[in-house]
Student: 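This structure is in structure tokens; I'll ask about it shortly.
Just the heavy atoms: all of them, side chains too, but no hydrogens, waters or symmetry mates, feed the values below.
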Amino acid sequence: MNGLPEAGPEVRDFFHRWLETFSSFVRDVDYASAKPLFHENILAFGTHRDVLPSLEAWVNSQWDNVWPKTDDFRFDLAAAHVLASDDGSMAVVIAPWTSTGFHRTARGSIVLGVPRSCSINWAAHGWACTPTCR
């Protein structure tokens, strides 16, 4: 992609694994395992609301209304794009997804970042695995 900061293979592979992990939690309707992947003050949007101001609001409005009705949820990794800042503090993942139960093809736009208080790089350690830095 011309001029956009495409992530290198290591970072791209990390986020592909992240997408696969999240997909498996959606398929299993496993909220408890999925929640630690996201910051509690996430801003999210979805089918049932425009902008949701927290993880709990997203779970209650979006996950509760969609996940139980969704089968075979998967991100299309071949069509996914991962952009990353040079300093490793932010990544953007754009990926289409499919499902058979909810009968729709859609897209996910995910922005992940490391809070300023953290001194580690998510690409090396996993952003969601740094709760003390939140």
Side-chain angles (χ1 to χ4, degrees):
M1 297 185 72
N2 292 333
L4 294 177
E6 287 282 344
E10 182 181 348
V11 173
R12 183 196 62 234
D13 291 347
F14 171 85
F15 283 108
H16 280 192
R17 288 189 306 272
W18 189 95
L19 291 170
E20 283 295 306
T21 298
F22 181 57
S23 293
S24 72
F25 298 149
V26 173
R27 288 190 301 273
D28 294 340
V29 191
D30 184 354
Y31 297 176
S33 296
K35 283 181 177 183
L37 294 176
F38 300 95
H39 193 282
E40 64 193 36
N41 294 322
I42 188 173
L43 292 174
F45 61 92
T47 306
H48 293 281
R49 293 278 305 189
D50 291 331
V51 177
L52 299 158
S54 69
L55 179 56
E56 284 307 310
W58 192 30
V59 168
N60 294 334
S61 179
Q62 183 69 17
W63 294 10
D64 279 347
N65 287 309
V66 176
W67 289 21
K69 301 172 189 165
T70 301
D71 292 317
D72 303 318
F73 180 90
R74 297 195 190 294
F75 286 100
D76 180 354
L77 300 182
H81 293 275
V82 179
L83 309 176
S85 64
D86 289 337
D87 67 359
S89 66
M90 184 173 283
V92 175
V93 180
I94 306 294
W97 57 263
T98 60
S99 69
T100 56
F102 203 60
H103 296 294
R104 66 183 278 185
T105 300
R107 76 278 173 243
S109 306
I110 305 162
V111 178
L112 299 126
V114 176
R116 287 185 180 95
S117 61
C118 290
S119 60
I120 67 169
N121 185 314
W122 47 258
H125 301 283
W127 180 73
C129 299
T130 58
T132 57
C133 297
R134 291 183 180 184

Student: Could you pull out the closest heavy-atom pair between Pro36 and Ala32, with the gap in Å?
Tutor: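 Scanning both residues completely, I find the closest heavy atoms to be CD-O, 3.1 Å.
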
Student: For the atom pair CZ (Arg74) and OG1 (Thr98), what is the distance rounded to the nearest 0.5 Å?
Tutor: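 Answer for the CZ-OG1 pair, Arg74 versus Thr98, is 8.0 Å.
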
Student: Classify the ring geometry of Trp18 against Phe38: parallel below 30°, tilted from 30° to 60°, perpendicular beyond 60°.
Tutor: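 Geometry flag for Phe38 against Trp18: perpendicular rings.
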
Student: May I ask you to test the Val93-His81 pair for a side-chain heavy-atom distance under 4.5 Å?
Tutor: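 With C-beta onward as the side chain, the pair stays apart.
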
Student: To the closest 0.5 Å, what do you measure between CG (Asp72) and CH2 (Trp97)?
Tutor: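 Result: 12.0 Å between the selected atoms.
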
Student: Just wondering, are more than 12 heavy atoms of other shown residues or ligands nearer than 6.0 Å to CG in Asn41?
Tutor: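 More than 12 heavy atoms, drawn from other residues, nucleotides or ligands, come within 6.0 Å of this atom.
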
Student: Within the distance-only criterion (no hydrogens, no angle test), does the side chain of Thr70 pair as donor or acceptor with the backbone N or O of Val66 below 3.5 angstrom?
Tutor: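 It does hold such a pair.
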
Student: If I take atom CD1 from residue Ile42 and atom CG from residue Leu55, how far apart are they, to the nearest 0.5 angstrom?
Tutor: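 Atom-to-atom, Ile42:CD1 and Leu55:CG are 6.5 Å apart.
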
Student: Is it the case that the side chain of Arg27 and the backbone of Phe73 share a donor-acceptor pair, with hydrogens and angles ignored and the cut-off at 3.5 Å?
Tutor: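 Yes; at least one donor-acceptor contact below 3.5 Å.
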
Student: Taking all atoms of both residues into account, what is the closest heavy-atom pair of Phe75 and Leu19, and its distance?
Tutor: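 Closest approach of Phe75 to Leu19, heavy atoms only: CD1-O, 3.6 Å.
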
Student: Return the orientation label for the Trp67 and Tyr31 ring planes: parallel under 30°, perpendicular over 60°, tilted otherwise.
Tutor: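 Because their plane-to-plane angle is over 60°, the rings of Trp67 and Tyr31 count as perpendicular.
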
Student: Could you measure the distance from the CH2 atom of Trp58 to the CD atom of Glu40? Nearest 0.5 Å is fine.
Tutor: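 One finds 14.5 Å between CH2 of Trp58 and CD of Glu40.
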
Student: Is a side-chain donor or acceptor of Ser33 paired with a backbone partner of Phe25 at a separation under 3.5 angstrom?
Tutor: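 No, because the side chain of Ser33 does not come within donor-acceptor range (under 3.5 Å) of the backbone of Phe25.
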
Student: Which pair of heavy atoms, one from Ala80 and one from Pro96, lies closest together, and at what distance?
Tutor: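 That would be N-CD, 4.4 Å.
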
Student: How close do His16 and Leu77 get, counting heavy atoms only, and between which atoms?
Tutor: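 Smallest interatomic distance, heavy atoms only, reads CE1-O, 3.6 Å.
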
Student: Minimum heavy-atom separation for Ala84 and Val11, please, with both atom names.
Tutor: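 Taking every non-hydrogen atom into account, CB-CG1, 4.2 Å.
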
Student: Once rounded to the nearest 0.5 Å, what's the spacing between atom CG of Asn60 and atom CG of Leu52?
Tutor: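 With rounding to 0.5 Å, CG (Asn60) is 9.5 Å from CG (Leu52).
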
